[in-house]
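Source: prediction; values computed, not measured. Chain naming here is simple, since letters A, B, ... match the order of the sequence lines and numbering starts at 1 in each.
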Protein chains: 2
Amino acid sequence: MATIYDVSVMAGVSLATVSRVMNNNTKVSDRTKQKVLDAMQTLGYRPNTIAQSLASNCSNSVGVLVSQLDGPFYGPMMTEIETALRSANKHVIIAAGHSDEAQEKDSVEFLMSRGCDALILDVEAVSDDYLIELSKGPTPIVLINRYIDAIKERCVYLENELGGFMATDYILSLGHTHVAYISGPLFKLDVRDRLKGHKRALAQYNVPFDESLHYESDFKEAGGSDAMEHLLSLNTPITAVVCANDQMASGAIAVCLEHGLRVPDDISFIGYDNIPFPQYISPKLSTVSNPINEMGKMAARWVLQQVYNNQEMTVDSSFKPELFIRTSAKQID
Amino acid sequence: MATIYDVSVMAGVSLATVSRVMNNNTKVSDRTKQKVLDAMQTLGYRPNTIAQSLASNCSNSVGVLVSQLDGPFYGPMMTEIETALRSANKHVIIAAGHSDEAQEKDSVEFLMSRGCDALILDVEAVSDDYLIELSKGPTPIVLINRYIDAIKERCVYLENELGGFMATDYILSLGHTHVAYISGPLFKLDVRDRLKGHKRALAQYNVPFDESLHYESDFKEAGGSDAMEHLLSLNTPITAVVCANDQMASGAIAVCLEHGLRVPDDISFIGYDNIPFPQYISPKLSTVSNPINEMGKMAARWVLQQVYNNQEMTVDSSFKPELFIRTSAKQID
DNA sequence: CTGTTAGCGCATTCAC
DNA sequence: GTGAATGCGCTAACAG
């Protein structure tokens with residue numbers, strides 16, 4: 001690998017000059033600049049980013065920590081982050097936290113020791129206090145999918161309470177009154193917010209919240225199936241079920257179909273997240289959008305703006321959910 | 001941030017000694033070692049990995065290039081890679097190639113200039129020759145999902161021809177003779193291999209391959225839907241359709257259901273990949289497995305073994321598909 | 001077993 | 001505008 005030294009010799013200039021044309025901060029005469037460029041060209045010179053990082057104390061890398069890499073959820077987010085950062089010549093180092101406090105903290109340590117210039121975090125297990133403390137440290141952080149008032153300018157989040165409200169409001173507007181709710185793990189803030197929205201919609205329609213019709217599940221397909229089996233075993237009349245995400249909705253619908261129930265004729269469904277898959281099955285799942293990809297993009301832009309001083313970035317931090325009406329829920333007679 | 005120098009002063013030893021206890025390559029007396037460890041502890045010392053990389057010419061990072069970050073496919077693979085590498089304290093830098101030759105090459109350049117110690121590539125657009133050339137370069141590469149004879153020891157792949165055969169063989173064993181085939185983009189090798197296997201099974205059952213029943217699609221749900229619409233518009237008798245992946249199968253099934261066809265009573269389906277989602281819809285999709293996560297793990301192990309000289313790693317490079325019989329295909333009368 | 005001495009490749013003051 | 005010198009934090013011979 002050719003180094004900056006080789007280039008300087010070939011171009012007949014000093015090391016410093018070569019460095020200058022690379023970063024074009026300082027003025028260099030056009031003639032010398034051209035000589036350097038030519039030398040770089042013929043030598044096939046590629047700067048050593050490690051050395052650049054050490055000398056400049058800037059690694060040009062940002063760490064991204066997500067709960068998990070698989071599932072329909074984080075892929076789109078990672079895509080947007082990678083695209084945005086890559087076009088600014090920054091690179092993305094990933095780590096998974098698996099919704100476990102120890103692993104999340106460990107990952108943060110890992111990424112920081114890796115010299116990341118900033119961290120984009122989608123974490124669920126660590127405490128608010130931990131994150132607030134972290135935000136005071138030398139490495140800037142942005143939070144996706146989490147709202148902490150004390151550091152709200154570092155949060156990119158979805159208004160989950162509103163989304164929860166919208167989903168149930170839609171179902172109730174269709175005339176349903178016997179509605180079950182399959183929630184995700186209640187230790188997660190967004191899960192509690194969605195549930196809160198659900199209850200608010202119920203209250204607005206004067207439908208009492210029936211705890212026996214609320215099942216706490218795990219956000220996965222199989223969990224949705226289990227939840228539905230349970231609800232069905234209750235032998236209570238249920239005409240609609242609101243699910244806290246699309247994956248559980250899919251699992252729940254599958255169970256209903258197996259039991260000979262028709263969807264939406266016998267029972268209506270609505271999901272949450274608007275992941276791609278359930279749009280292509282039958283019935284097509286009505287849902288509330290979770291623009292996770294947009295949030296990823298925003299987080300990346302925040303970093304570009306705040307950390308790399310890219311001026312022309314505009315950053316929105318709060319996202320509103322949107323209702324997507326398809327064919328999994330129908331008006332009740 | 002405390003540096004190695006601070007530690008050495010506090011411990012009353014030389015820089016080199018501190019370095020030694022960090023890497024514990026060389027023997028250091030227990031007493032001095034303890035002094036160093038204590039100093040590190042009280043200073044909260046974290047080694048600067050950038051400096052380590054520059055000095056040792058080893059960045060402890062491996063680049064992973066995939067076609068895309070979203071979709072049901074690469075997530076599980078990334079998960080395994082991250083887990084395997086992370087536990088060896090290596091980090092993962094990701095990039096997306098988007099199945100485009102220019103972007104793939106660009107990403108490779110990007111990762112190499114980032115000082116990656118090795119590259120794990122899941123690429124489809126670049127030529128074999130390019131990869132062969134790359135493999136001669138200074139940065140070791142492993143290929144996932146691709147078999148190139150000249151560098152087969154660097155390939156981790158699935159026997160796609162066999163998988164294609166198994167899927168169709170199963171359908172034919174059920175008595176079907178009017179079977180359509182929805183393939184992925186034919187410029188991809190794995191797609192051609194699966195099709196080849198399909199034809200081999202057909203030949204074995206003396207069922208002629210009907211080109212009009214073959215539709216080239218794009219591996220996506222919507223593409224599967226389009227394909228199915230087309231096949232249905234043919235008004236040819238079709239009792240089964242073999243799909244080159246599960247996503248297209250899902251899209252195709254949805255179309256059939258919308259047209260009032262019952263699956264599998266009126267028309268049978270089989271997919272390919274065994275992604276999680278279609279297991280939870282109705283009917284549950286029969287399919288052929290594509291252990292992409294295992295392949296990811298293997299690629300990571302290859303890197304650990306070949307590049308980081310981790311001895312106790314065993315590496316298998318070739319994977320065989322497996323048939324998963326669920327409920328989307330039935331015996332024909 | 002431990003200390004000394006060079007760099008790794010580049011950015012960045014300072015002079016000129 | 002350009003060059004010389006210094007150092008980023010650490011590893012790796014080489015001595016002792």
- Which residue pairs pass the side-chain hydrogen bond (donor to acceptor under 3.5 Å, both in side chains) test with at least one member in residues 69-84 of chain B, sequence neighbours excluded? S67(B)-Y74(B), E82(B)-R86(B)
- Message: When you compare the side chains of D6(A) and Y45(A), does any donor N or O come within less than 3.5 Å of an acceptor on the partner?
- Response: no
- Item | Distance in angstrom units between K35(A) NZ and dG1(D) C1', rounded | 12 Å
Is it the case that over 12 heavy atoms from other parts of the model lie below 6.0 angstrom from the [atom1] atom of [X]?
X: N309(B); atom1: CG; value: yes
X: Y5(A); atom1: OH; value: no
X: N25(B); atom1: CG; value: yes

- Message: Below 4.0 angstrom, which residues in residues 4-26 of chain A have at least one non-hydrogen atom near DNA chain C?
- Response: I4(A), A16(A), S19(A), R20(A), N23(A)
- Task: List in numerical order all residues of residues 45-61 of chain B for which some heavy atom is under 4.0 Å away from an atom belonging to DNA chain C.
- Result: L54(B), A55(B)
- Message: Please determine whether a side-chain nitrogen or oxygen atom of T32(A) lies at a distance below 4.0 Å from atom OP1 or OP2 of dT2(D).
- Response: yes
- Task: Decide yes or no for S14(A) and S8(A): does some side-chain heavy atom of the first lie under 4.5 Å from some side-chain heavy atom of the second?
- Result: no
- Chi angles and distances behind the side chain to side chain contact (heavy atoms under 4.5 Å, CB included) call for F73(B), N290(B): CA-CA 10 Å; F73(B) 213 69; N290(B) 183 353; 3.0 Å; yes
- Message: Any salt bridge linking D128(A) with R146(A)? Criterion: basic side-chain nitrogen under 4.0 Å from a carboxylate oxygen.
- Response: yes
